[in-house]
2 protein chains.
Amino acid sequence: MVKITDVAKKAGVSVATVSRVINRRGNVRKSTEQKVLEAIKELNYIPNFSARSLKTEKTLTIGMIVPDITNPFFPIVFRGAESVVKQEDYTIILCNTFEDEYEEMRYLSILEAKKVDGILLIKAPGRSGNEQYMEKLNTLPIPIVYLDRLPKLQDIPAVVADNIGGGYAATTHLLKLGHRKIAIITVQYPLTVHLERLQGYVNSLRDHNISINKSYIKKGIPTIEEGISLGHSLLSMKDRPTAIFVTNHKMTIGIMRALEIAALECPKDISVVGYDDFDWESVFHPRLTVVAQPAYQMGETAAWLLIKILRDGVDDLPNKKVILSPELKIRESCGIYCQSKSKLKMP
Amino acid sequence: MVKITDVAKKAGVSVATVSRVINRRGNVRKSTEQKVLEAIKELNYIPNFSARSLKTEKTLTIGMIVPDITNPFFPIVFRGAESVVKQEDYTIILCNTFEDEYEEMRYLSILEAKKVDGILLIKAPGRSGNEQYMEKLNTLPIPIVYLDRLPKLQDIPAVVADNIGGGYAATTHLLKLGHRKIAIITVQYPLTVHLERLQGYVNSLRDHNISINKSYIKKGIPTIEEGISLGHSLLSMKDRPTAIFVTNHKMTIGIMRALEIAALECPKDISVVGYDDFDWESVFHPRLTVVAQPAYQMGETAAWLLIKILRDGVDDLPNKKVILSPELKIRESCGIYCQSKSKLKMP
DNA sequence: CCATTTTATGGAATCGTTTTCACAATATAT
DNA sequence: ATATATTGTGAAAACGATTCCATAAAATGG
C-alpha cells in the first residue's frame with residue numbers, strides 16, 4: 001500500500017505539500033507540483049479515502065433509500081440522481097427497504113454510522129406508533145432530501161410529483177370523454193402519493209358536480225394479483241363503472257388482466273387510465289393512457305437539491321419543496337362514453 | 001460528536017475496553033460490559049466508520065457495477081445480492097455504466113480509492129484495445145466476482161447462467177414443435193451471454209441436422225426500436241422464418257410490435273421465444289414462451305461467493321465459476337408447425 | 001540594496017478507532 | 001498457602017490523511 005509519505009519521499013517534499021497538490025489547495029510552485037504529480041503517477045498512488053474522511057468528515061458518498069428497486073419507477077429515479085451526483089464525485093449506496101419501515105430505520109442507522117454526506121429518502125409506508133422514529137428522522141445529523149413520498153413533517157427539503165394534479169388530470173380526461181361512472185383503484189398504504197391521487201380524483205368529480213360513489217373507490221396492496229381481484233369486484237358490480245383510474249402501475253397490469261378474463265374490451269366496453277410510463281408500455285393492448293411521472297427528473301432534482309444543501313447548508317434555501325408536474329399521455333385505452341347527453345362543464 | 005473516549009470516561013474504563021465490548025472481542029468482565037453498554041446507549045454513541053476502516057482496512061462496503069439498472073433484469077440481481085450481503089452488514093455502492101466500458105473503468109478506480117471490500121461486476125461490452133484495462137482488472141487489489149457477463153480472463157470467480165443451454169433449449173423447443181425455419185435475433189455487442197445463446201442455437205440446429213441459414217441470424221443493439229426494425233427485415237423475407245428466437249428482452253418487445261404492425265398473429269403465423277421473465281410478463285399477447293434466467297439467484301450466489309472469498313481468500317475455492325441453469329417457461333407464443341412431415345430425431 | 005509583503009514549504013498535531021503489549025486481578029492446581 | 005495459568009484492563013502506538021502554524025524563500029517597493 002503506497003501512501004502519501006512514500007510520494008513525499010520520492011518527490012523530495014513534505015506530505016503537506018503532496019496533500020496540497022492533491023487537493024488543489026494552491027500555494028505550490030509549478031515545478032514542485034510537477035515533481036509531486038510525477039511521483040504520484042510513478043508510484044500509482046491512490047489516496048486512502050478512509051483516512052481522508054476521518055479528517056475531513058466527508059465521505060463523498062450519499063445514501064439512497066428506495067422501497068423496491070424492482071419497481072421500474074425507482075431505477076429511473078436512481079439513474080437521474082446518479083447522473084448529477086457523479087459530476088461532483090459522489091457515489092451512491094443503494095438501500096432497498098421492501099416497503100418496510102423497520103428496514104428503513106435499520107438502513108438509516110447504518111448510513112448514519114457510515115457517515116454518508118447526505119441521504120435521498122423515498123419513504124416506506126409508515127406504521128402506527130412511529131413517533132420517535134419521526135423524531136429521529138428530523139434530528140439526524142445528516143441532510144435528507146425526501147423524494148416522491150413525504151412524511152408528516154413540516155418544511156423539509158423534498159422533491160415530489162404533483163399527485164393531486166395527476167389524479168385530477170386523469171379523472172378530468174375521463175369526464176371530458178363523457179364518463180360519469182368513474183372508479184378509482186388505489187393503494188391502501190398510508191402513502192401521500194396515493195392519498196393525493198385520490199384527492200385529485202375527488203376534486204375533479206366535485207369540480208364537475210359529479211357525486212362521489214364510495215363503492216367506486218377501491219383500495220388494496222400494489223400487486224398484479226390485487227389488481228386482478230379488485231378489477232373483478234369492480235366489474236361484477238350491478239352498476240358497473242364505465243371507466244377506471246388506477247393509481248399504481250402493477251395494479252394497472254392486474255386490471256388489464258381482469259378485463260381480459262371478463263372478456264371485456266378496452267376501450268370499447270370500459271376505459272382505463274394508468275399511472276407511470278415505462279419504455280415497454282407498448283406491449284399493452286390497447287396501449288395505455290397514463291399519467292406519466294417525470295421519474296428521471298425527480299431523481300436529478302433531488303440530487304441537485306441535496307448537493308446544494310451539502311454545499312451551502314439548508315438554511316438559505318428559497319423553497320425547500322420542489323413539485324414537478326406529471327404528464328397525461330393520451331393513448332388508446334380510453335373511449336368516448338355517450339350514454340349521458342348532459343353537457344359537461346369544463347373548468 | 002460523541003466518541004469512544006467519551007464512552008470510556010462515562011463508563012469509567014479505558015477506550016480499549018470499550019472497543020473490546022463493541023467488537024465482541026471477549027475478555028471483558030460481564031459487569032464491565034454492562035457498564036459500557038449502558039454508557040453507549042446513554043450517550044447514543046455510534047462508532048466512526050472512517051476511523052475504524054482506517055485501522056482495520058475493511059469498509060463493510062461492496063461495489064456493484066451494472067450496465068443499466070433500468071433493464072429490469074439487474075434490479076432483481078441487485079436484490080438477490082443485497083439480501084445476502086446485508087446479513088453480514090455489508091452495504092452496496094451501486095454503479096451504473098450505461099453499457100460503457102470507460103464508465104466502468106472510471107467507477108472501478110473510484111471503488112478502488114474508496115477501498116470497497118469487494119466488487120460484483122457485470123461487465124459492459126468491451127471495446128477493442130482494452131488490454132491494459134484487462135490487466136488492471138486482473139491485478140486490482142480488491143476481490144472481484146464477475147456476474148452474468150465474463151471478460152476474456154482465465155479462472156476467475158464468476159457466476160453466470162448457462163446461456164448455451166438456454167439457447168439450446170429455446171431452439172430445441174421450436175424444433176420439437178416442427179419448426180425448421182428458425183431465425184435468431186441477438187445482440188451485436190461482443191458479450192459472452194449473446195454469443196453463447198447464439199452458440200446454443202447453432203448447436204441445437206446442428207444436433208438435429210438442420211442446416212444453418214445465415215440470413216436467419218440477425219444482430220443489433222438491444223432496444224425496442226431495433227427489435228422492430230430487425231423484425232421487419234425478417235418478416236419481409238421471401239422465405240420468411242416460421243419461428244423467431246430473441247436473445248434479449250427489449251428486442252423481444254420490438255418483435256411483438258413488428259408482428260402486430262405486419263398484422264401477423266402469434267403463434268398462428270409465427271412462433272416466438274423470448275429471453276428473461278419478469279412479473280409483468282402477463283401483459284404480452286400472447287403470453288410469451290421464454291428462457292427465464294435465475295436472476296435473483298445469480299445475485300445471491302455471486303454475493304455469497306464474494307463474501308466467502310472475503311472471508312477465506314480466493315485460493316481454497318473448489319470451483320471459481322458457478323453456472324446456474326435457466327428455465328424454459330412454455331406459455332402461448334409458440335405454435336406447432338406441421339408443413340414439414342419429416343420425422344424429427346430427438347437427442 | 002534593504003525592508004516588507006507575498007508565496008512556498010515542512011513539522012507536528014489531529015481525526016477516532018483498533019490492537020499490541022505489559023501488567024493487574026482473579027481462578028486453578030498443588 | 002503458594003505457584004501457576006487464565007482472564008481482565010489500560011497506556012500508547014499505529015492507521016493515512018489534512019491542516020495549522022512557523023519559518024524559509026521569493027517577489028515587490030522604495
Side-chain angles (χ1 to χ4, degrees), chain A residues 1-40 43-61 89 109-110 112-117 141-142, chain B residues 1-40 43-61 89 109-110 112-117 141-142:
Chain A
M1 182 79 295
V2 30
K3 48 195 176 187
I4 200 170
T5 49
D6 302 325
V7 176
K9 203 171 295 170
K10 177 133 203 159
V13 298
S14 74
V15 294
T17 301
V18 177
S19 176
R20 273 187 286 258
V21 171
I22 293 170
N23 298 295
R24 300 193 176 70
R25 285 261 170 290
N27 284 342
V28 177
R29 207 185 302 158
K30 212 80 194 129
S31 59
T32 315
E33 182 178 16
Q34 206 48 45
K35 276 191 297 181
V36 172
L37 256 20
E38 266 164 34
I40 288 177
L43 295 174
N44 226 301
Y45 167 71
I46 299 177
N48 183 313
F49 240 86
S50 303
R52 175 180 293 183
S53 297
L54 175 58
K55 196 74 175 92
T56 62
E57 315 221 84
K58 305 235 158 307
T59 53
L60 281 185
T61 302
D89 291 324
S109 300
I110 293 177
E112 186 184 0
K114 291 210 170 175
K115 296 232 171 318
V116 296
D117 295 335
I142 300 175
Chain B
M1 182 79 298
V2 30
K3 49 195 175 185
I4 200 169
T5 50
D6 301 326
V7 176
K9 201 170 297 171
K10 177 131 205 159
V13 298
S14 72
V15 294
T17 300
V18 177
S19 176
R20 272 187 286 258
V21 170
I22 293 169
N23 299 295
R24 299 193 175 72
R25 285 261 169 293
N27 285 342
V28 176
R29 207 184 300 158
K30 212 80 192 128
S31 59
T32 316
E33 182 179 15
Q34 207 48 46
K35 276 190 298 180
V36 172
L37 256 19
E38 265 165 35
I40 287 177
L43 295 174
N44 226 300
Y45 167 70
I46 299 177
N48 182 313
F49 240 85
S50 304
R52 174 180 292 182
S53 298
L54 175 58
K55 197 72 175 93
T56 62
E57 315 221 85
K58 305 236 158 306
T59 53
L60 280 186
T61 302
D89 290 324
S109 300
I110 293 176
E112 186 183 359
K114 291 209 170 174
K115 297 236 171 315
V116 296
D117 295 336
I142 300 175

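Letters A, B, ... are given to chains in the order of the sequence lines, protein chains preceding strands, and every chain is numbered from 1. Please read all numbers here as calculations on a predicted model, not as lab measurements.
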Undergrad: To the nearest Å, how far apart are A/Phe49 CZ and C/dT17 C1'?
TA: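 Atom CZ in A/Phe49 sits about 19 Å away from atom C1' in C/dT17.
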
Undergrad: Any heavy-atom pair between the side chains of B/Lys114 and B/Thr61 that's under 4.5 Å?
TA: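 B/Thr61 does not reach B/Lys114 side chain to side chain.
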
Undergrad: Give the minimum heavy-atom separation between B/Ile4 and B/Val18, together with the two atoms involved.
TA: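 The pair with the smallest heavy-atom distance is CG1-CG1, 3.5 Å.
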
Undergrad: Please figure out whether A/Val15 or A/Ser31 has its closest DNA chain C nucleotide nearer the 5' end.
TA: A/Ser31

Undergrad: Taking only heavy atoms on the protein side, list every residue of residues 19-29 of chain A lying under 4.0 Å from any atom of DNA chain C, sorted numerically.
TA: A/Arg20, A/Asn27, A/Val28, A/Arg29

Undergrad: Tell me which nucleotide among C/dG11, C/dT18, C/dG16 gets nearest to the side chain of B/Arg52.
TA: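 Nucleotide nearest to B/Arg52's side chain: C/dT18.
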
Undergrad: Select base, sugar-phosphate, or nothing to describe what B/Thr5 touches, counting heavy atoms under 4.0 Å on all strands.
TA: nothing

Undergrad: With a 4.0 angstrom cut-off to heavy atoms of chain A, pull out the first and last contacting nucleotide of DNA chain D, in 5'-to-3' order.
TA: D/dG16 to D/dT19

Undergrad: I need the minimum non-hydrogen distance between A/Ala51 and B/Leu54, along with the two atoms involved.
TA: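 Minimum heavy-atom contact is CB-CD1, 3.6 Å.
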
Undergrad: A/Thr32 near the nucleic acid: base, sugar-phosphate alone, or nothing, with a heavy-atom cut-off under 4.0 Å?
TA: sugar-phosphate

Undergrad: Expressed in angstrom and rounded to an integer, what is the separation of A/Ile4 atom CD1 from C/dG11 atom C1'?
TA: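 Spelled out: CD1 on A/Ile4 to C1' on C/dG11 is 14 Å.
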
Undergrad: Which sits closer to the 5' end of DNA chain D, B/Ala51 or B/Ser14, going by the nucleotide each is nearest to?
TA: B/Ser14

Undergrad: What closest approach, in Å, do A/Ala39 and A/Ala11 show between heavy atoms, and which atom pair accounts for it?
TA: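 Taking A/Ala39 first and A/Ala11 second, the nearest heavy atoms are CB-CB, 3.9 Å.
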
Undergrad: Take A/Val116 and A/Ile142 through the test side chain to side chain contact (heavy atoms under 4.5 Å, CB included) and record every step on the way to the result.
TA: CA-CA 8 Å; A/Val116 296; A/Ile142 300 175; 4.1 Å; yes

Undergrad: For A/Glu33 and C/dT9, give me the distance from atom CD to atom P, rounded to whole Å.
TA: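 It works out to 10 Å between those atoms.
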
Undergrad: Strictly below 4.0 Å, N to O, side chains only: are A/Glu38 and A/Lys35 in salt-bridge contact?
TA: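 No.
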
Undergrad: Please tell me if the side chains of A/Ile22 and A/Val7 come closer than 4.5 Å, counting only heavy atoms from C-beta onward.
TA: no

Undergrad: To the nearest 0.5 Å, tell me how far A/Ile46 CD1 sits from B/Ile110 CD1.
TA: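 Spacing of CD1 (A/Ile46) from CD1 (B/Ile110) equals 11.0 Å.
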
Undergrad: Please list all pairs passing the side-chain hydrogen bond (donor to acceptor under 3.5 Å, both in side chains) test where one or both residues lie in residues 49-60 of chain B, with sequence neighbours left out.
TA: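 side-chain hydrogen bond (donor to acceptor under 3.5 Å, both in side chains) check on residues 49-60 of chain B returns B/Thr59-B/Asp117.
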
Undergrad: Name the residue closer to the 5' end of DNA chain C, choosing between A/Lys30 and A/Ala16 according to the nucleotide with the nearest heavy atom.
TA: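 In this pair, the answer is A/Lys30.
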
Undergrad: Given atom NZ of B/Lys115 and atom P of C/dT17, what is their separation to the nearest angstrom?
TA: 21 Å

Undergrad: Would you say C/dT18 has OP1 or OP2 under 4.0 Å from some side-chain N or O of B/Lys55?
TA: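 So the side chain of B/Lys55 is outside the cut-off, no N or O lying under 4.0 Å from OP1 or OP2 of C/dT18.
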
